[in-house]
Protein chains: 2
Amino acid sequence: MSVSIKDIAKAAGVSPSTVSRALRDHPRISQQTKEYICRLAVEMGYTPSAVARSLVTRRTMTIGLVLPSVSDPFLSQVVLGVEEVALDNGYRVFLCSFYNDPVQERSIVEAFLEHRVDGIVVTSSRLDTAYTALQEQLGIPIVLTNCREYAYSVSTDNLHGGRLAVDYLLQLGHTRIGYIATDPQKQANRSRLAGYRQALQERGIAFDPALVGVGDGRAEGGKRGMQQLLALNPPPTAVFCYNDMTAIGAAAALREAGLRVPDDVSLVGFDDIDWAAYSNPPLTTVRQPRRELGRRAMQMLLELLAGEESPTKVVLQGELVVRASCRPLWG
Amino acid sequence: MSVSIKDIAKAAGVSPSTVSRALRDHPRISQQTKEYICRLAVEMGYTPSAVARSLVTRRTMTIGLVLPSVSDPFLSQVVLGVEEVALDNGYRVFLCSFYNDPVQERSIVEAFLEHRVDGIVVTSSRLDTAYTALQEQLGIPIVLTNCREYAYSVSTDNLHGGRLAVDYLLQLGHTRIGYIATDPQKQANRSRLAGYRQALQERGIAFDPALVGVGDGRAEGGKRGMQQLLALNPPPTAVFCYNDMTAIGAAAALREAGLRVPDDVSLVGFDDIDWAAYSNPPLTTVRQPRRELGRRAMQMLLELLAGEESPTKVVLQGELVVRASCRPLWG
DNA sequence: TTCGTCACTGCAAACGTGTGCAAGATATCC
DNA sequence: GGATATCTTGCACACGTTTGCAGTGACGAA
């Protein structure tokens, strides 16, 4: 079918090994033959077979990036960060999304293993702890981002981020503050909630479980969560959302209820996805260093690939980005 | 390093070929040995090598999906559609994004070729026409979505979609209608603009080049494009945007100028990304059958893989989704 | 002339798996 | 009991590369 190194060898009247060396610019091949063979290769439409190469070299120079969903706007910059440093070091990165389904996540990791990627980065895992058990078995390094349950991981300080958001709302005079959560199993959710509780506690405000609505990390869930909070009497005057997507949904629920942001309810998100600055009103949120998250994850993976004992568990700090979705309680 | 079929063979006291057959559930292997070997395989932590397998079978059972950007919300459903039918047919799909850079796009296609994927789907190509030249050389089937310049492609009828949007605005009484474009090289942009012009022409409204603002398909560009249109005297009373992201930016520009949607300016988008229904106000837009786009693309690829002569150039119709971002001119 | 050196190139094995063919073992039939 | 059919397994080669080592020829030096 496709032309191989042997075909070129035959055409050039040399051995396959010479062709291989010529194409890889081996020093002990004469300049003349190199040029001849390279010309022949393009003429014949030769495309080297990475699969044959990997079989003998035992490395693929690829890394697998597994993500919960391609549509997740939070991930775009993370992916960029990963690819950036991967490419700089000669690695290709292939993505695969598991649609927030732990079964698919597992299956994707296995597919990557079968294809013998040199390393794996997984973002926002649904399996988290399971990797510790897998670690030995899989034989290649793997680092998680947005998850601190695993030995090699890089994430943002969610507790600190939660405090940032809620402290800000408290500072504006709000005392009845809601939280719209996501899947309570997610460690990120637990930490942000912990930050929320901690901030309240320091002001001597008792934690009221009724004030935490349940979402799913997406707009739909945010809407439901907000509706849940609006049914309270009285409803909260400010709401901290698990992430920006949740805030999108929350804002829609408020609009449908005839309420306005920030006049009636103040809103704080998390992530600072691209959309946040363009929303109506622009969303106050806790920015995650998304690109840096990706860069650091890939750097850690490179260190592991090089056999270095890498610093485990990098934790980055987020920062509050104040826009227009909050107002003082008695302004 | 990792355990191979030979290791299992040695441990079981049989030949490698027996192990290979046992694991693949070959009918001519006794049930007893099959069970024994399978058990041994999991005990020893065996992971089959897709690369060795592909080398001999000459297929990888993977397809490469190349996209402009993971952050593009339009693509999420397209990807889902592709994966859906790919998985159903035993294919894995690996993604790679080229960040809207034709050079990277080319490089990714080559990487996929080297890794011997069985087929390639590319969405929103920057290379479009170049593939016709490549076609022969690459030796595997490749189908494009969102691009009609190539023999095998599936896309939405952009001209029809543009008409849908502008006809609607005309129907509401608007006559001074703007268009915020993206990169004029993009064929989708040209077609939507053509739909815009055609709709105007049929109502006897002369095309005014000043009424087309220049964006970039993202929020930033939409903002700039809108600012450009607002500088006109008089500004348009309604604006059709190349896509929803552009509309996001346009809305932000209007808000900053102290104008309101739809009271001061009506807005129509294109794509119907998930966000559109949640925006403030909810965005009227032309829905693309995104998931179907992906499904059809992958189906076409499967037909090509099977050697069938596939119907070339599938064109799907979009539909107008009326929400709250438009109002009658004299309401 | 002979030997050593140097610059190139080829041989052959290996990577881990799949598969056609033949061979061995066992059962079946006459 | 021998021939034949059936079931199970092994041999050997192939896939397309890379790479250590040996080999070839030319050329200069002794």
Side-chain angles (χ1 to χ4, degrees), chain A residues 1-38 40-41 44-62 90 110-111 113-118 139-140, chain B residues 1-38 40-41 44-62 90 110-111 113-118 139-140:
Chain A
M1 172 83 95
S2 71
V3 22
S4 80
I5 246 181
K6 289 183 190 171
D7 301 320
I8 301 180
K10 216 164 289 173
V14 299
S15 76
S17 39
T18 301
V19 175
S20 171
R21 282 191 258 252
L23 292 174
R24 321 204 88 228
D25 202 28
H26 188 101
R28 294 192 319 193
I29 297 291
S30 74
Q31 201 54 37
Q32 188 184 341
T33 29
K34 264 183 202 169
E35 279 165 14
Y36 178 48
I37 289 185
C38 289
L40 216 51
M44 299 176 68
Y46 171 69
T47 307
S49 165
V51 4
R53 197 211 308 283
S54 318
L55 185 58
V56 40
T57 61
R58 309 172 71 88
R59 11 186 2 206
T60 54
M61 296 308 285
T62 61
E110 265 157 23
L113 289 177
E114 293 193 4
H115 282 88
R116 297 292 190 262
V117 296
D118 294 333
I140 60 169
Chain B
M1 173 85 95
S2 71
V3 23
S4 80
I5 247 181
K6 289 183 191 171
D7 301 321
I8 301 179
K10 217 164 289 173
V14 299
S15 77
S17 39
T18 301
V19 176
S20 171
R21 283 191 255 252
L23 292 175
R24 321 206 86 230
D25 201 28
H26 188 102
R28 294 191 320 194
I29 297 290
S30 74
Q31 202 53 38
Q32 188 184 341
T33 30
K34 265 183 201 169
E35 279 165 14
Y36 177 48
I37 289 185
C38 289
L40 217 50
M44 299 176 67
Y46 171 69
T47 308
S49 165
V51 6
R53 196 209 310 280
S54 317
L55 185 57
V56 39
T57 60
R58 307 172 71 88
R59 3 183 12 203
T60 54
M61 297 307 284
T62 61
E110 265 158 24
L113 289 177
E114 293 193 5
H115 282 88
R116 296 293 190 261
V117 296
D118 294 333
I140 60 169

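Chain naming here is simple, since letters A, B, ... match the order of the sequence lines and numbering starts at 1 in each.
- For the OP1/OP2 pair of dT17(C) and a distance below 4.0 Å, the side-chain nitrogens and oxygens of Ser49(B) include no atom meeting the criterion.
- Applying the side-chain hydrogen bond (donor to acceptor under 3.5 Å, both in side chains) criterion to Arg59(A), with sequence neighbours excluded, gives Tyr91(A).
- Contact annotation: the side chain of Leu40(B) never approaches that of Val19(B) to less than 4.5 Å [non-hydrogen atoms, C-beta and beyond].
- For the pair Ile37(A) CD1 and dT9(C) C1', the interatomic distance rounds to 10 Å; values are reported in whole Å.
- Put simply, CD1 on Ile5(A) is 15 Å from P on dC11(C), counting in whole angstrom units.
- When the P atom of dG16(C) is taken as reference, atom CZ of Arg24(B) falls 17 Å away, rounded to whole Å.
- Atoms OG1 and CD1, from Thr18(A) and Ile8(A) in turn, are 12.0 Å apart once rounded to the nearest 0.5 Å.
- dT18(D) atom P lies 11 Å from atom CD of Glu114(B), rounded to whole Å.
- For Glu110(B), the salt bridge (Lys or Arg N to Asp or Glu O under 4.0 Å) partners at least two apart in sequence or on another chain are Arg106(B).
- Summarising the geometry, the separation between NE2 on His115(A) and P on dT17(C) is reported as 13 Å, rounded to the nearest angstrom.
- For the pair Tyr36(A) and dT9(C), the criterion of a side-chain N or O lying under 4.0 Å from OP1 or OP2 is not met.
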Summary of protein contacts for nucleotides 6-12 of chain D, nucleotide by nucleotide, where a base hit scores B, a sugar-phosphate-only hit scores S (4.0 Å, heavy atoms): --BBBB-
When the side chains of residues 44-55 of chain B are checked against the rest of the protein, which donor-acceptor pairs come out under 3.5 Å, sequence neighbours left out?
from	atom 1	to	atom 2	distance (Å)
Ser49(B)	OG	Val51(B)	N	3.4
Ser49(B)	OG	Ala52(B)	N	3.1
Ser54(B)	OG	Ala50(B)	O	2.4

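- Every residue two or more places apart in sequence or in another chain that forms a side chain to side chain contact (heavy atoms under 4.5 Å, CB included) with Ser17(B) is listed here: Ser15(B), Arg21(B).
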Stepwise side chain to side chain contact (heavy atoms under 4.5 Å, CB included) test for Ile5(A) and Leu23(A): CA-CA 9 Å; Ile5(A) 246 181; Leu23(A) 292 174; 4.3 Å; yes
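- Residues meeting the side chain to side chain contact (heavy atoms under 4.5 Å, CB included) test with Lys6(B), sequence neighbours left out: Ser4(B), Pro16(B).
- Separating the CZ atom of Arg116(A) from the P atom of dG16(D) is a distance of 20 Å, rounded to the nearest angstrom.
- For the side-chain hydrogen bond (donor to acceptor under 3.5 Å, both in side chains) test, no residue two or more places apart in sequence or in another chain qualifies with Ser20(A).
- By the side chain to side chain contact (heavy atoms under 4.5 Å, CB included) test, Gln32(A) is found to be paired with Ser30(A), residues two or more places apart in sequence or in another chain being considered.
- Put simply, NE2 on His115(B) and OG1 on Thr62(B) are 9.5 Å apart, with the number rounded to the nearest 0.5 Å.
- Taking the screw axis at each terminus of the helix from dT1(C)-dA30(D) to dC30(C)-dG1(D) from five consecutive base pairs, the angle between the two is 70° to within rounding of 10 degrees.
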Expected rows: protein N/O vs nucleotides 13-15 of chain C N/O, under 3.5 Å:
from	atom 1	to	atom 2	distance (Å)
dC15(C)	O3'	Arg58(A)	NH1	2.8
dC15(C)	O2	Val56(A)	N	3.4

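- In this entry the distance linking CZ of Arg53(A) with P of dG16(C) reads 18 Å, nearest Å.
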